[in-house]
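Only this structure's heavy atoms are used, side chains among them; waters, hydrogens and symmetry mates stay out. Because the structure is predicted, anything quoted here is derived from the model rather than measured. Throughout, a chain's letter reflects where its sequence line sits, starting with A, and its residues are numbered from 1.
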Amino acid sequence: MRYWLMKSEPDTFSLDDLQSRPGQKEPWDGIRNYQARNFMRDDMQKGDQVLFYHSNCKEPGVVGLAEIASEAAYPDPTQFDSKSDYFDPKATKDKPRWLLVDLRYKAHFKRPVTLSQIREEPKLADMLVIRKGQRLSIQPVEKAHYEHICKIGGQK
DNA sequence: GCCAACGTTGGC
DNA sequence: GCCAACGTTGGC
């Protein structure tokens, strides 16, 4: 099993939104970065654990947990939809360019683990999310880091 | 709203 | 294949 950090802007789609979806599940569409896509395609498996991170907001940080709920990555339907913001004219059904996975809600942390807390904690100094210029919306996370974030967040 | 950092595009 | 121009991300 692997561990991930996935970013979302809470104004667009928050952990609350994921919790209130039917089945507490959501296809994670709109990923348009090759590195992030390759993580989904090559490395993600059903049951992988996810730190759900709120970005571009007042208090950026990990607000809770989710998990990968699809067996594998599959084509993101928004790439074929000319009305979608995520439409990609170069993608075809025979040769889809973009993939997604389903995400399932697990829990809210008792206390969100803020970006500044992560920066201040020496044990988390190697996390990608605090590396300068790091913008990837899907990042691999080491197990020890995952567990420590959970501990700070008050989630076993 | 600003802007640094980074990814992508496209002319050559 | 280079690289300037442009667009996006995301903290502040």
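- Taking a 4.5 Å side-chain heavy-atom cut-off between Ile, Leu, Val, Met, Phe, Trp and Tyr, the cluster of A/F80 contains only that residue.
- Taking a cutoff of 4.0 Å between a charged side-chain nitrogen and a carboxylate oxygen, A/R97 and A/D76 do not qualify as a salt bridge.
- Contact record, A/S70 with A/Y74: CB-CE2, 4.1 Å, taken as the closest heavy-atom pair.
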Reading nucleotides 2-12 of chain C from the 5' end, what letters show protein touch, with B for base, S for backbone sugar-phosphate only, - for no heavy atom under 4.0 Å? -----BBBBBS
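- A single hydrophobic cluster is not seen to contain both A/L103 and A/V62; linkage of ILVMFWY side chains at heavy-atom distances under 4.5 Å, directly or through other members, places them apart.
- Note: the hydrophobic cluster containing A/V141 does not contain A/V50 (ILVMFWY, side chain heavy atoms under 4.5 Å, direct or indirect links).
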